[in-house]
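Report on one structure; see the data block that follows.
Just so it is clear, the model here is predicted, and its values are computed rather than measured.
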Amino acid sequence: MTLARFCRKKPLGAVGGLVMLLILVTAIFAEVLATHDPIMTEAAGTLGRPSWEHWLGSDHLGRDIYSRIVHGARVSLIVGVASTLLGSVLGGIVGLLSGYVGGKTDLIVQRVLDILQGLPLLVLALVISAVLSPSIQNVVIAISVPIIPRAARVIRSSVLSIREMQYVEAARALGVAHLRIAFRHILPNTMGPFIVLGTAQLGSAILVEATLSFLGLGVPEPYPSWGRMLSVSAAEYAQKAPHLVLFPGLAISLAVFGSNLLGDALRDTLDPRLRGA
Amino acid sequence: MKTYLVQRLAIAVLTLFGMSVVIFALLRLAPGDIVDILFSTAGFVDPAARTEIMRELGLDKPIWIQYLDWLRQIFSGDLGKSYRYDLPAWEIIRPLLPVTVELAALSMIVAVVLGVPTGVISAVRQDTPLDYVLRVLSLAGLSMPSFWLGMVIILGLVAWLGWIPPVTYVSPGENFQLHAAQFLLPALAVGYRSSALIMRITRSSLLEVLREDYVRTAWAKGQTGRAVIWRHALKNAMLPVITVIGIEFAFLIGGLVVTEQVFNLPGLARFLVQAILWRDYPIVQNLVMLIAIVVILSNLAVDLLYGVLDPRVRYAG
């Protein structure tokens, strides 16, 4: 399906794609787009209303909110994409092997995934990030672990149907090694569900990062993070300076909204079977 | 039905057992043991006091004995001791429990009341502007962090009504109206998010059922649209919705973690976050296990309900 056709058939998906593109560009060119140093404090201009100098106002330490949001896009996107990739790839491999091998192995793997999935995503991420020391890598790990069972489920179910196809049987008859069949013959055909899964998980990964940072367990200082911009200090000054709360939250919502819109449209296009899942 | 029941129960018990291992192992991964963390604020550590605490916590025993001890503790209903408060955990948790249960129940009601009807409308009016608006609204609900939505609700109330929600907990006996307002606002923030998933699944499930032959038969018999949808189609469409409501319950607990924080409600979820921030690991371990039990039980309840509602499940199981 060409890009033009996708835009015509799925206008909402195209909007989502555009939003994600916008955030990606913001993340890449953060230095160019920012008007101030995002971590520079300014004692004279604390809690400033939006103005010519500070487009979206300044926070309780006089830092420019617009510049912090622009730089925050980079942190959110890096953490979101990295944890989604890590979780989906690990989960994908587990799902691929478990689905391909089948039998008792599959049964046991499924039960183990049940266990990992039994805790609410946020609670699991919360505990992992609390146990690990605060750093960007550890936040990525904490967010990716709950993604593993979800990714494994999706890939496994598509492997189960691909496994029975004739070309796989043919490969087996030719004496191709099992691992080669799994990775070279079956894996490429799970790309559709994989992309759908990744886009859908990206939104929730960004959301979890924001929540962890909001609670003080996510991305540490000095990196500007959308979630931490909303944390306790913002809540304290919210009455006096509502822009402290409004703009970072809008940024989070926009990013998650964009990836949800795109994910929905991709799901309908690439994998109609997953509709409503 | 009986084998189905036994099977489900066995799986639930097995999963819970596995979860206890995961949770136990996870909290042992923490850098430095609990004693180090307990002493980290003290500065000077008396070695005698250290061994004393190690012994009291049972940390001097082999790890698998520690695990078995913990299991025994949970089975006897002993939730351990909070080091922060120096009180039995159960005494701290007990007053928090009703707050969280009330909030969770209210949020769930909000989610279902918002989600199911909008899903039905969206399915019946598929591809109309109304359908688009409802879908975008529900997707927006999925995209907004519920803690942020909560903050915005508070800001809006202050800006437009000049009313600030109470900062401390108000019991229903004290002032019922204030209590209701205090709980309804966070329930709206959490419930809106959950309603989005319920709306989406109701919509897609109803769309599927509406294409079935028996629905066409109902139309052909000349039944009114309302009867076809509410009496014939929705009954079958509700099965996946019930599953999602069950799953959503687990997500909801995640949503409560931050919402209780924002609204300053003294609930279990807020206490969990505080215990995590204070590194009160014995409490964290027990609270997370408690959450796991609630989640598994609600999944089990959904499974059983499914068996009751859909006879096909019973025979297949």
Side-chain angles (χ1 to χ4, degrees), chain A residues 11-12 15-16 111-112 114-133 145 203-204 206-208 210-212 214-217 226-227 230-232 234-235 238-239 242 244-246 248-250 252-261 263-264 275-277, chain B residues 11 14-19 21-23 26-31 132 135-136 139-140 142-149 151-152 154-155 158-159 164 200-201 203-205 207-208 240 250-255 257-258 261-262 269 272-273 276-277 279 281 284-285 287-288 291-292 295-296 299:
Chain A
L12 287 180
V15 170
R111 289 284 87 78
V112 173
D114 270 350
I115 292 166
L116 270 182
Q117 225 173 350
L119 277 178
L121 198 143
L122 186 64
V123 173
L124 187 56
L126 200 65
V127 173
I128 297 175
S129 63
V131 166
L132 304 171
S133 54
V145 172
S204 99
I206 292 176
L207 208 54
V208 173
T211 311
L212 289 180
F214 169 75
L215 292 171
L217 289 163
W226 292 340
L230 289 170
S231 71
V232 193
Q239 316 286 354
L244 241 67
V245 169
L246 282 181
L250 277 177
I252 299 169
S253 308
L254 194 67
V256 181
F257 192 57
S259 58
N260 280 346
L261 279 180
D264 267 16
R275 206 166 302 189
Chain B
I11 289 179
L14 217 66
T15 313
L16 264 183
F17 176 71
M19 277 171 121
V21 176
V22 169
I23 293 167
L26 202 61
L27 287 166
R28 294 300 123 131
L29 280 179
Y132 266 85
R135 275 161 67 193
V136 168
L139 212 56
L142 271 182
S143 310
M144 286 187 275
S146 55
F147 64 90
W148 179 67
L149 192 60
M151 292 164 110
V152 172
I154 297 178
L155 276 182
V158 175
I164 303 170
R200 287 152 68 96
I201 200 78
R203 177 178 182 275
S204 65
S205 157
L207 277 179
E208 214 163 281
F251 278 95
L252 208 124
I253 297 174
V257 167
V258 259
Q261 192 97 348
V262 169
L272 172 68
V273 174
I276 285 177
L277 291 175
R279 317 261 158 202
Y281 286 133
V284 173
Q285 186 172 310
L287 278 182
V288 173
I291 292 175
V295 171
I296 298 287
N299 285 353

Where do V245(A) and W148(B) come nearest, in terms of heavy atoms and distance?
O-NE1, 2.8 Å
Highest number of heavy-atom pairs under 4.5 Å with chain B: which of D114(A), L250(A), L254(A)?
L250(A)
Examine whether an atom of L217(A) lies under 4.5 Å from a heavy atom of chain B, and if so say whether it belongs to the side chain, the backbone or both; otherwise answer neither.
side chain
Kindly compute the distance separating CG (L139(B)) from CG (L12(A)), expressed to the nearest 0.5 Å.
8.5 Å
Starting at CG of L124(A), measure out to CD1 of I23(B) and round the result to the nearest 0.5 Å.
9.0 Å
Heavy-atom distances under 4.5 Å only: say whether L277(B) touches chain A with side chain, backbone, both or neither.
side chain
Output, in order, the C-alpha distance, side-chain angles, deciding distance and verdict of side chain to side chain contact (heavy atoms under 4.5 Å, CB included) for V127(A) and L27(B).
CA-CA 8 Å; V127(A) 173; L27(B) 287 166; 4.1 Å; yes
Under a 4.5 Å cutoff for heavy-atom pairs, which residue among I206(A), L121(A), T211(A) has the most contacts with chain B?
T211(A)
Residue V288(B) versus chain A: region with a heavy atom under 4.5 Å
both
Reported CD1-to-OG distance for the pair I276(B) and S129(A), which is rounded to 0.5 angstrom
7.0 Å
Test ring-ring contact (aromatic ring centres under 6.0 Å, His included) applied to F147(B) - qualifying residues, sequence neighbours left out:
F214(A)
Does any backbone or side-chain atom of I11(B) lie under 4.5 Å from a heavy atom of chain A? Answer side chain, backbone, both or neither.
side chain
Side chain, backbone, both or neither: which part of Y132(B) has a heavy atom under 4.5 Å from chain A?
side chain
Evaluate the side-chain proximity of L119(A) to V295(B): yes if any heavy-atom separation is below 4.5 Å, no if none is.
no
Return the option, out of L215(A), I115(A), L116(A), I252(A), with the maximum number of heavy-atom pairs under 4.5 Å with chain B.
I115(A)
Comparing P145(B), A292(B), A159(B) against chain A, the one with the most heavy-atom pairs below 4.5 Å turns out to be P145(B)
Among D264(A), L207(A), N260(A), exactly one meets side chain to side chain contact (heavy atoms under 4.5 Å, CB included) together with L142(B). Which residue is that?
N260(A)
Identify which part of V136(B) has an atom lying under 4.5 Å from any heavy atom of chain A, answering side chain, backbone, both or neither.
both
